[in-house]
Amino acid sequence: MKENKKLLLIDGNSVAFRAFFALHQSLERFVNHNGLHTNAVYGFKTMLDNIIESVNPTHVLVAFDAGRKTFRNEKYADYKGGRAKTPTELSEQFPYVKKLLEAYGMKYYELQNYEADDIIGTLAKQGEEQDFETTIVTGDRDLTQLATEKTTVAVTQKGVTEVERYTPKHVEAKYGLSPAQIIDMKGLVGDNSDNYPGVAKVGEKTAIKLLKQFKSIEGIYENIDELKKSKMKEHLIEDKEIAFMCKDLARIRCDVPLEVELTDTVWNGSEHQKLVEFFQEMDFKRFLEKISAATQDDPAQKIIEDIKFTALTKDNVNQFNFDAEAVEGVSFYLEMMGDNYHTAPLVGFAFNVGTKYFASRDTELLKYPNLRKLLENENIDVDLFDGKRTFVGLNRLGIHLTDIRFDLLLVSYLLDTSDNSNDLGKLAQQHDYTEVLEDEQVYGKGAKIKIPENDAEYYSHLCNKVRTIKKLRTPLMKKLETNKQEELYIKIERPLAIVLAEMEIDGITVDTQRLEEMGSEFKERISEIKQTIYQEAGEKFNLNSPKQLGVILFEKMKLPVIKKTKTGYSTAVSVLEKLRGMAPIIDNILKYRQIAKIQSTYIEGLLKVTFEKDSKVHTRYTQTLTSTGRLSSVDPNLQNIPIRLAEGKKIRQAFIPQKTGWQIFSSDYSQIELRVLAHISHDANMQKAFAEGQDIHANTAMNIFELDSPADVTSNMRRQAKAVNFGIVYGISDYGLAQNIGITRKQAKLFIEKYFKIFPGVKEYMEKIVISAREKGYVETLFKRRRYLPDISSRNYNIRSFAERTAMNTPIQGSAADIIKVAMINMQKMLKEKKLEARMLLQVHDELIFEAPSKEIPILEEVVPQVMDAAVSLDIPLKVESSYGKTWFDAK
DNA sequence: TAAGTCACG
DNA sequence: ACGTACGTGACTTAC
């Protein structure tokens, strides 16, 4: 079979230009350690990767312009005259673009007296004759004149990753001209950037019309008499010479005496070592990570040879006996097809004992006593990747995992909360371990995702994962030790994973009937409001589209524009609230939004994820995601069920206990973040206020409004003071505070100054934590959870400020997260010890929610606050408030 | 897939 | 002078 020859020709200057300006806004973010700008190199690289993937070329050449003067200047002295000088930020990058190409193993070429276009034209023509399929990449539309049946011209769009592909058909569709006529058009129209004039007053439209009629410039002048008398005709006659000259300038030469031939442009792929060195020089950290695993010739092949494994089946599984005494530990990996481990098909497993590896597709085999023992025997340490996921998966097989020792995912997250990939392969790369592929590389992605049918390929991938776990245990545990984070791992996160798994497996019961009733009620109201809005607007439109709504409000109804977004008018609540009273439509829109949100997210959304068999939702808590240490909840998110507005709060009526006669019980920490702040800042005044059990917001109000008695605090003052307290926790700015409570920036600034005068310890803490973050590069929580803040030394004000606010906020938010995690572990232990039927079901950052038989409620009322209180001992007391009722709504 | 919006702590 | 609150997830439209 004859191999397909595919030629890729790139207009180097033009693409570099496009790349540079596409990333111009981020110019200062692309600077390497030597102060070199790298945005054009970066963009060029991105373009290369994209085009390689879509074209898969066998031959590549990148053409550059050799200098400013070419043969065209001899024909027309002003050709490309008056051009602005190339910015130095770009010109300094050209040598590095060439270096990039060397690392990619790609030929590049330039020729005195000619432009890159001419080199490309010549090679494209040769390609044509030698039966190549050719793609030309450029930012310059002029090159579309080279399009043929076998040559496609890909013109970069706004960015550099997207291209518009010009085939002769596409040229025709776009201009109504053939590719060859593009030259005639340029001759008539001229080119501003190349600085040649064309025929006076003839633009693209006129040119196209003329060329449709007369085919070419020659045709026009041969038949010039046919044209009616007009200004245009006069210009044509007047500028005849210019037209021919311009056509000549526009015509790309296809017969240039090149020193390269197509055989010189064979492309054999990039050179790994050079690429690594180059990316290091450019500080392209992410690309480095990507290539470190992926660029071996055939990594899968290589690794298969490395690991010898036994494929387990029903027939041979009983031949293997793992004597518990002899087995020191097992590294184990359970594969599932999909994110949701409550339902995802269990599609395989692999494990390692001693020097031996085993793998199988048949997860039922795990139930055989000899395998089950490995996971359930308390004397065998189990090392895993994502213990919670594995625990839930095994639980579905009736296998109860005990004693997790090392959880690669969890430890990795603790070491750096910002590196939170869920992919074992990706994560391994971040720890410089590359003997394993990413799932995407083996399973594919999107609709094409699938487990390999080839046993060797699949099992070696699974075994590689197991080996990764095994290999990374010691070095990562060592790092934990260095960071003094062992306690955080062993006492908090590791046991918490099991507590969370149990909560998720339990799930919370949903009254679907109640939801459906509410749904039909809301449905009616929605359609009523919709009708009213259409009437007020005078037309129907898509209310869910901020874009269409913006047109109605700000163009049709001419309401004042309060705020703009990147893409148009903002129609966010804060904006609509300012427009209230100007038109009745506003109130209706707000109401519509409110109810539509409840309907789609909380009624329809919740019903969608309720399991039919137990009428429950089983959320998943992501334990390794947030950079502060909080949990998050997905599928469904049970941490954002409405409460603030009465309409939405009703949703909570649909969360009920699993048995009749049971109750929902809830306890929450009161102002835990401010208490944490009082503790870590050692601020005497704030500590005193908490120690005395004062209303902290009222106390703050008294101080910033300079009142003598708590009785003088109005509710508005308290509200504002509360906002100040929140602002402090977030890393305050006068603008943000002003925005939030609707006062002037000046006033906000005054508030903050007063605040810091009253709580000097807080001020000092804020200053110190930023300095410490700058020195150490990270901040820590009470339990040594760590967040790195590389941006804290950024020269960009915005980026730096953000990092500074993060430095102030993370120890507070993160320590509060630590505390409730400890409480959860102790709480679960307590429920078991006391043999209560009560179940802990949900965590909402500062709140724990249980279900329990009514008779256990008095016990919970005593025990839960006790346990939560005792989770940690601070300089000041914690405060816990509890409530219960027959639904979550009633537990308030 | 990104952006806008809005639900929660 | 800069241009902002901290941490999340889900749904919808529009590219």
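Within every chain, numbering begins at 1; the chains are lettered A, B, ... in the order of the sequence lines, protein sequences first and strands thereafter.
- One can place NZ of A:Lys564 at 17 Å from P of B:dA3, the figure rounded to the nearest angstrom.
- Rounded to the nearest Å, the gap between the P atom of C:dG3 and that of B:dC6 is 25 Å.
- Between the C1' atom of B:dG4 and the CG atom of A:Leu549 lies a distance of 12 Å, rounded to the nearest Å.
- A donor-acceptor contact closer than 3.5 angstrom is absent between the side chains of A:Ser815 and A:Thr781.
- Of all nucleotides listed (B:dC6, B:dG9, B:dG4), B:dG4 comes nearest to the side chain of A:Thr565.
- A:His845 has its NE2 atom 16 Å from the P atom of B:dA7, to the nearest Å.
- We find that NZ of A:Lys563 is positioned 16 Å from P of B:dA3, with the value rounded to whole Å.
- Taking atom P on both nucleotides, B:dA7 is separated from C:dT4 by 23 Å, rounded to a whole Å.
- Between A:Phe554 and A:Tyr569, the ring planes lie tilted relative to each other; the angle falls in the 30° to 60° range.
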So what does the secondary structure string of DNA chain C come out as, 5' to 3', with Watson-Crick or wobble pairs under 3.5 angstrom, [ ] for crossing and | for pairs with another strand? .....|||||||||.
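- Of the candidates B:dG9, B:dT5, B:dA3, B:dA3 carries the atom nearest the A:Thr567 side chain, counting heavy atoms from C-beta on.
- Boundaries of the chain A contact region on DNA chain C are C:dC2 to C:dC15, first to last in 5' to 3' order (nucleotide atom under 4.0 Å from a heavy atom).
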